[in-house]
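As structure tokens, the structure follows; a few thoughts come after it.
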Amino acid sequence: MALAKSPAPLHPHPQQSGGRYRALTFILTFLLYTSFHLSRKPISIVKSELHKNCSAVSEAAIIASSSSQQPSLSSLHTDVDCSWKPFDKSNYKQLLGAMDYSFLCAYAIGMYLSGIIGERLPIRLYLTVGMLASGVFTCLFGLGYIYNIHNLSFYIFVQVANGLVQTTGWPSVVTCIGNWFGKGRRGLIMGLWNSHTSVGNILGSLIAGYWVSSNWGMSFIVPGLIIIIMGVVCFLFLIELQSKVPSMLTPRGRLCSPAVWWSGYGYRSLLCSLPQSYDTELLLPRDSERIPMQPVVVVKSESEPSAISFMGALRIPGVVEFSLCLLFAKLVSYTFLFWLPLYITKAAHLDAKKAGDLSTLFDVGGIVGGILAGVISDKLGKRATTCAVMLLLAAPTVSLHCTATVRKHRPLWMLLVCGGLVNGPYALITTAVSADLGTHKSLKGNARALSTVTAIIDGTGSVGAALGPLLAGLLSAGGWDQVFYMLMTADFLALLVRPLTSII
């Protein structure tokens, strides 16, 4: 009697597997860059603790000491040193601005190099190393409180080093998401995905605000530990290309085109590329077809496109124009990011925690604005026009902050609307526009330009991000109105330098 032949092991349909891996990549890269922004936010929350309103603190200390016959050592210390040296001087705004500038300037310079390096190294390893290093430097800033460090050079060094290593993040995650998702509904997908910046800012504000009044060192150490943990997760689970997904046969039983993959564990294996259609609808499986697995032979790919040069990326139509537009748009966004909590503290006379919580409304508006910008640009097919309209509306919205003091319920809608209009163009340019330009038709299918193009656009934007907080620190000494006039001017300049037509 013949034995029944055991069935061959089953393997999911390539498109079904591709949908799962797309969803995994979407969620994972979202969480990875959320942790980057989560670690950047604490400095804006802690600023009001580094320099307090000494007169108010002194009055509280006097009242506390008068209630007892002998004042405690803590009250005497509060009376004398209410701020954290060296930020206890009258030029504290300039010192805080210089600290922001050191981080953002290093970030801007490093970004131009990061994209070029990222094109030539495995993204998973490159991103992992950057996240681990960023976590270490973020924790190091917080240790300054624990070990009572009052040397400005220490904090400047930590900010510069952290700015450099954080440049590994953006080109890497945009390259991953661009490799997995094509132009179909890219604006919507990227709009949803780019909300990680605002989610990270919100979480960073809440975490930092929890400890800011009692132990501001923990406001940095906890986010630093989070980004270290996410770096380990990145190393274990990130799949940067579709060709690295194990898929053995096409539905008709034919071998897929071979691709060589370095697994990270010392061997190479043949992996079949998924269908070349980058349709975003593959986030969901189309059917449940399962096919037998078959053994394969290890082969080497015949050719691999070379990475694009820096000048070659600049020659792609639209790269220069959108880079300059982002410079001014990011100047506005990052000025709010680094200075809004301190402004609320001074203008509304709130403590650091309440000011940090209120500032999250700006980021909530940024989430909505980024998604709306993506949806509208998909519907119209005109990303440049979408940016123009939002920038045109952003300037008068920012001006409302010049004429209104932060009081009770009136500013809530202002923060929400302003966050949406300011962050909408910024989110659209750094995600969907960068991905479109990195896969421009002039590149003839060479996807290795994506990281370099992303780095050029975001690096130029980071120059504005560095200038904004620095100028805010200098101008705020003459009144906050001057800061808002600067922001309105930047919005109009972003509107002027944008591409006149949608060239992508």
Side-chain angles (χ1 to χ4, degrees), residues 33-34 36-47 93 96-111 159-160 162-164 166-167 169-170 194-202 204-205 208 323-344 356 359-363 365-367 369-370 387 390-391 394-395 397-398 401 415 418-431 457-476 480 483-491 493-494:
Y33 209 72
T34 294
F36 272 103
H37 263 261
L38 184 148
S39 67
R40 294 180 196 175
K41 187 63 178 180
I43 185 64
S44 66
I45 305 298
V46 173
K47 277 179 182 176
K93 289 183 180 179
L96 293 173
M99 198 158 57
D100 293 338
Y101 181 75
S102 61
F103 172 87
L104 295 168
C105 186
Y107 185 86
I109 295 173
M111 184 61 72
Q159 287 287 81
V160 170
N162 202 7
L164 289 173
Q166 285 225 355
T167 60
W170 190 244
N194 192 64
S195 62
H196 53 50
T197 58
S198 296
V199 172
N201 292 338
I202 292 171
S205 297
S323 296
L324 293 175
C325 182
L326 183 63
L327 185 149
F328 296 108
K330 201 167 182 179
L331 183 153
V332 178
S333 180
Y334 267 65
T335 301
F336 276 101
L337 172 66
F338 282 91
W339 284 91
L340 182 58
L342 181 62
Y343 166 71
I344 295 175
S359 69
T360 59
L361 293 175
F362 181 84
D363 295 301
I367 295 175
C387 290
M390 299 190 79
L391 289 170
T397 306
V398 171
H401 287 277
L415 288 173
C418 188
L421 294 175
V422 167
N423 285 336
Y426 161 47
L428 187 62
I429 295 173
T430 54
T431 54
I457 293 177
D458 197 53
T460 306
S462 298
V463 174
L467 291 175
L470 177 65
L471 292 175
L474 297 174
L475 296 175
S476 60
W480 288 103
V483 176
F484 289 111
Y485 292 144
M486 180 264 292
L487 297 179
M488 285 187 287
T489 302
D491 268 329
L493 290 174

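All values derive from a computational prediction rather than experimental measurement.
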By salt bridge (Lys or Arg N to Asp or Glu O under 4.0 Å) - contacts of D100 (at least two apart): K47
Do you know the tightest heavy-atom contact between G369 and M390? O-CE, 3.9 Å
Got a list of side-chain donor-acceptor pairs under 3.5 Å for residues 323-335, not counting sequence neighbours?
from: S323; atom 1: OG; to: V319; atom 2: O; distance (Å): 2.6
from: K330; atom 1: NZ; to: D458; atom 2: OD1; distance (Å): 2.8
from: K330; atom 1: NZ; to: D458; atom 2: OD2; distance (Å): 3.4
from: K330; atom 1: NZ; to: S462; atom 2: OG; distance (Å): 3.2
from: S333; atom 1: OG; to: N423; atom 2: OD1; distance (Å): 2.8
from: Y334; atom 1: OH; to: R40; atom 2: NH1; distance (Å): 2.8
from: T335; atom 1: OG1; to: L331; atom 2: O; distance (Å): 2.6

Using 30° and 60° as the class limits, which term best fits the ring planes of F103 and F338: parallel, tilted or perpendicular? tilted
M486 side, atom CE; L471 side, atom CG - distance, nearest 0.5 Å: 5.0 Å
So CZ of F36 and OG1 of T197: to nearest 0.5 Å the spacing works out to 13.5 Å
Compare all side-chain heavy atoms of Y426 with those of L391 and state whether any distance is below 4.5 angstrom. no
Looking at every heavy atom in both S102 and Q159, which two are closest together, and how far apart are they? OG-CB, 3.3 Å
For S195, does its backbone N or O pair with a side-chain atom of S198 as donor and acceptor, under 3.5 Å? no
Does atom OH of Y101 have more than 12 heavy-atom neighbours from other groups under 6.0 Å away? no
Of the non-hydrogen atoms in A466 and C105, which two are nearest, and what is the gap between them? CB-N, 3.6 Å
Rounded to the nearest 0.5 angstrom, the NE2-CG distance for H196 and N201 is 11.0 Å
Reported CG-to-CG distance for the pair L428 and N194, which is rounded to 0.5 angstrom: 9.0 Å
Can you measure from CH2 (W339) to CG (L487) and round to the nearest 0.5 angstrom? 12.0 Å
Sequence neighbours excluded, which residues qualify as salt bridge (Lys or Arg N to Asp or Glu O under 4.0 Å) partners of D491? none
Within a strict 4.5 Å, meaning less than it, do heavy atoms of the I367 and D363 side chains meet? no
How long is the span from the OG atom in S359 to the CD1 atom in I45, to the nearest 0.5 Å? 4.5 Å
